Structures are given as structure tokens and as C-alpha cells.
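Heads up: numbering here begins at 1 and tracks the sequence. Computed from a prediction, not measured in an experiment: that's the story for all the values here.
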Amino acid sequence: MFGTFMTIIIIGYIGYYGYNIIHDLYFDKSGEVVSVATVDEQEVDIKDELGSFTQYDADEDRKIAEQKKKETKTTEDETAQLSGGSAFSQKETLSDLDIPATMTGGIEADQIQGLINSLENTDESSDFFIVKSVMSPTSI
């Protein structure tokens, strides 16, 4: 039953598309393709627009960014001198939102192997034992 319906549908598609191809090739000549396309070119005078044109300086943004970076560095140095030079107090006093966010508490790639090795130790003073004792349900 399914095969009969699919055969009828496929024969219908073949007939429909065959009819459209033959009709487009031999009978319908209203859609002629233009063999030579011509475009009328006109001269445009832009001298008036060029009078108010100001050239864009692409390096201006970079220069402004460098200037801001120098200003923030000088303010960091001043706050470090005022607060005693500790990094924690230096970060605490800065509240500039223009400073890009930095990752804190991240692990460097060359420190990962040492961290994994310390977690593999099962001694009572190892990091693995501390994590296991905190995460076990008996400690709750």
C-alpha cells in the first residue's frame, strides 16, 4: 500500500517537473534573458561634500588607550606608595571601571601537574585527604 502511494507521488513529481522544463524551453518565451546589459553612467560632482570632510585618524584610539594606561599606571604607583606597597591594599583602593577584569584565583598551566600530583597522595596531611574529609557525608 505504501509502495503504491510513493510510486504515484514520484511519478507525479517527474511529470510536473518535466512539464515545467518543456514549457519553459519551448513555449514560454516571455522570460527572455537580456544578452547585453547597458548601464547609463553619469558623472557625480562631490566637491561640496569634500569641503566638510575631516580625515579619520586610525591611530587616535590607540594613542588614547596608551595614555589611559599610563595614567592608571601612575595612579597605581601612587596608591602603592601611599598604602605601603602591598598588592592587596593596592587593588582595594582602585575602583576604576575602565580597568579590564583580570582572572583571580586562576592556576597557571605549569602548576597543574604539581596540583594533580598533590591530590593523588592519600596521606593524612595531603590535599586529597583534606578534600575527601570535607566532602564525605560523615563530616556533615
Identify, with sequence neighbours excluded, every residue that meets side chain to side chain contact (heavy atoms under 4.5 Å, CB included) alongside [X].
{"X": "I46", "answer": "V44, E49, L50"}
{"X": "Y16", "answer": "N20"}
{"X": "I64", "answer": "E60, K68"}
{"X": "K63", "answer": "D57, D59"}

Would you please test R62 and E66 for salt bridge (charged side-chain N to carboxylate O under 4.0 Å, His left out) and show each step?
CA-CA 6 Å; R62 182 182 52 83; E66 287 177 357; 3.2 Å; yes

Who are the ring pair (Phe, Tyr, Trp, His ring centres under 6.0 Å) partners of Y19, not counting sequence neighbours?
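Once residues adjacent in sequence are excluded, the partners of Y19 under the ring pair (Phe, Tyr, Trp, His ring centres under 6.0 Å) criterion are H23.
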
Residues clustering with [X] (ILVMFWY side chains joined when closer than 4.5 Å, directly or via others):
{"X": "I130", "result": "none"}
{"X": "I11", "result": "none"}
{"X": "I14", "result": "I10"}
{"X": "M1", "result": "F5"}

Distance (rounded to the nearest 0.5 Å) between [X] [atom1] and [Y] [atom2]:
{"X": "I21", "Y": "Y26", "atom1": "CD1", "atom2": "OH", "answer": "11.0 Å"}
{"X": "T75", "Y": "K70", "atom1": "OG1", "atom2": "NZ", "answer": "14.0 Å"}
{"X": "T7", "Y": "F2", "atom1": "OG1", "atom2": "CZ", "answer": "9.5 Å"}

Please identify each residue that fulfils salt bridge (Lys or Arg N to Asp or Glu O under 4.0 Å) with E71, with sequence neighbours left out.
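Once residues adjacent in sequence are excluded, E71 has no partner under the salt bridge (Lys or Arg N to Asp or Glu O under 4.0 Å) criterion.
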
List in chain and number order the residues that pass side chain to side chain donor-acceptor pair (under 3.5 Å) with Q42, two or more places apart in sequence or in another chain; answer none if no residue qualifies.
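Per chain and number, Q42 pairs via side chain to side chain donor-acceptor pair (under 3.5 Å) with no residue.
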
